[in-house]
Number of protein chains: 2
Amino acid sequence: MKFEKIPNISVDCVVFGYDTITKSLNVLVMKRYLESETGSEVLVDDYVLTGYHVYENETLDDSATRVLKELTGLTNQYKKQFKAFGDPDRLTNEKDLPWIKNEGFNLRTITIAYYFLLKTEEVDLKNSAHQKKWFPVKDLPELGFDHRHIILEAYEDLKIKCLAEPVIFELLPDKFTINEVQDLYQSILGIEFDNRNFRRKLINKKYIIAIDEKQVGVSKKPSQLYMFSKDIYKKIFQKNYLISI
Amino acid sequence: MKFEKIPNISVDCVVFGYDTITKSLNVLVMKRYLESETGSEVLVDDYVLTGYHVYENETLDDSATRVLKELTGLTNQYKKQFKAFGDPDRLTNEKDLPWIKNEGFNLRTITIAYYFLLKTEEVDLKNSAHQKKWFPVKDLPELGFDHRHIILEAYEDLKIKCLAEPVIFELLPDKFTINEVQDLYQSILGIEFDNRNFRRKLINKKYIIAIDEKQVGVSKKPSQLYMFSKDIYKKIFQKNYLISI
DNA sequence: ATTTATAAACGTCATATTTACGTTTATTTT
DNA sequence: AAAATAAACGTAAATATGACGTTTATAAAT
């Protein structure tokens, strides 16, 4: 394996996680901070996506997987390459220049952007060199480069994706309630569903399996817990070629 | 505008066209031919997608548009960036090596792949330096590099896209019959629809407009011609957040 | 122990959409 | 004028969706 970096090609990872408490779809970003040499002035103070150069002897997918692992320690998460970003001016905002000068970037770098879906509780933010933080996709902090743009495009892609494929379950704990699924759909899509209709629709799916277990520690009627069976989904799923234009 | 090529970044264009006569979804590819220096041996003889390096001061989209223009003379066609391809070995098949040696490629080139949808009759294959040819996506010739792979991924993306957006009309003449639309859907999706149901569904759309004109030169009852109004579509279209998992 | 509050869960009906067919119509060819 | 044929229209059952009202299980309060 050659570990030479390709100087002008990178991957960037938009990591989505869902907070069932605040019912917020979040993005994991990394603190970026730089002071002037004298330390008297803060040159850069914002957040960026995690990304890195692609190595000479590495596939793009492997590169993204590697970056995610360094960020979260996790492998085998849902991953999608959704778009390449390569505008000539994507790294040349005024506020990014000190950072670039410091890091020795190639100004014309094309980045292949991926998004990941994972269960928030699997990520340990403590044990890490970098300062990482979750932000609601609806309330992002100041972001460097074109990273806000990249996140928003990832989010648009996710919106479409979750209507056509059961990716929603990648963001939920293994055991979940119907209402949690509904809340998550609502967070992502920004619309509300009728709970009775939503519930009926989901429960009728063969791959949504009621388990012999109920929510604990709630001060009201505890919910029935369910699981998603990817195996059953794959078996019974048949593409409906419904033209919805 | 700097016309310096970025040596390791290219765009490749999958150009789709539809042949209403043969009812075939076709891809436009370019002949690739190379003889040994003595002329005694054919080193390369197959087809490739059209692509080119991205220029230093050019967006990826502009780069793709430029390549399409050089290939077809056309601008303003439907265009979608659908995936980046960057496996380390994507250009290093045995049969591609003589070509690469001849052209002076960078062996680790990442390509940003686009597909275009256009009306076959608008393309003039005659007046061009290169030898270009349409092939059915279901019956592709021998292709160089990873271009078969790229075409098949473009095709998969198109299949999904045409179910959700009215891109189908990019592939048809301005005036078309309902049956032509159905045939095209069937060619793309590889399934059959009931003509009576398909017809009703389409005719009920406000943006499918019957014009005061009928097919000519047919030896049976001539079909009613229709047009697609993108304006009306944009006005009345409302996203249905139908979860179909 | 009983009541109260509340979220979970079930039920019903009207409407819209899809699926699966049969029939009629307009045109060219014979 | 008849025959052939693709275009175009029609209908009924099944399924899915949307919009609501009601019941149930539990913890907390009385």
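Naming convention: chains lettered A, B, ... in sequence-line order (proteins, then strands); numbering from 1 in each chain. Reckoned from all heavy atoms, side chains included, excluding hydrogens, waters and symmetry mates.
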Problem - hbond_proxy A/R196 side chain to C/dT12 base (donor-acceptor, 3.5 Å cutoff) - result: no

Problem - Value in whole Å for how far the P atom of C/dA20 lies from CD of B/E192 - result: 13 Å

Would you mind writing out the side-chain donor-acceptor pairs for residues 230-245 of chain B within the sub-3.5 Å range, not counting sequence neighbours?
| residue | atom | partner | partner atom | Å |
| --- | --- | --- | --- | --- |
| B/K230 | NZ | B/E170 | OE2 | 3.4 |
| B/S244 | OG | A/L163 | O | 3.4 |

Practice task
Measure from OH on B/Y226 to P on D/dA7 and round the result to the nearest Å.
Solution key: 12 Å

Practice task
Return the nearest nucleotide to the side chain of A/N197; candidates are D/dA19, D/dT26, C/dC21.
Solution key: D/dA19

Fill in the blank from the handout: Of B/K201 and A/K220, the one whose closest nucleotide on DNA chain C sits nearer the 5' end is A/K220

Practice task
Could you check B/N179 against A/V218 and say which one's nearest nucleotide on DNA chain D is further toward the 5' end?
Solution key: B/N179

Practice task
Using atom CZ of B/F193 as one end and atom P of C/dC21 as the other, report the distance to the nearest whole Å.
Solution key: 17 Å

Fill in the blank from the handout: Between CZ of B/F198 and P of D/dA8 the distance, given in whole Å, is 13 Å

Exercise for the section: Assign each of B/D194 and A/I178 to its nearest nucleotide of DNA chain C by heavy atoms, then name whichever residue's nucleotide is nearer the 5' end. Expected result: A/I178

Practice task
Would you check if the side chain of B/R199 reaches a backbone N or O of B/D194 as a donor-acceptor pair within less than 3.5 Å?
Solution key: no

Problem - Pair B/S24-B/N26, side chain to side chain donor-acceptor pair (under 3.5 Å): steps then yes or no - result: CA-CA 6 Å; B/S24 164; B/N26 295 334; 2.6 Å; yes

Practice task
Mind checking B/L242 for me? I need base, sugar-phosphate or nothing, with any heavy atom below 4.0 Å counting as a touch.
Solution key: sugar-phosphate

Practice task
Check whether any side-chain N or O of A/K214 sits under 4.0 Å from OP1 or OP2 of D/dT26, and answer yes or no.
Solution key: yes

Handout entry: Value in whole Å for how far the P atom of C/dA8 lies from CG of A/L225
Key = 12 Å

Completion exercise
When rounded to whole Å, the NZ to C1' distance for the pair B/K221 and C/dT23 reads 12 Å

Practice task
Might you confirm whether atom NZ of A/K31 has over 12 heavy atoms from other residues, nucleotides or ligands at distances under 6.0 Å?
Solution key: yes

Completion exercise
Regarding the side chain of A/R199, the nearest nucleotide among D/dA8, C/dC10, C/dA9 is C/dA9

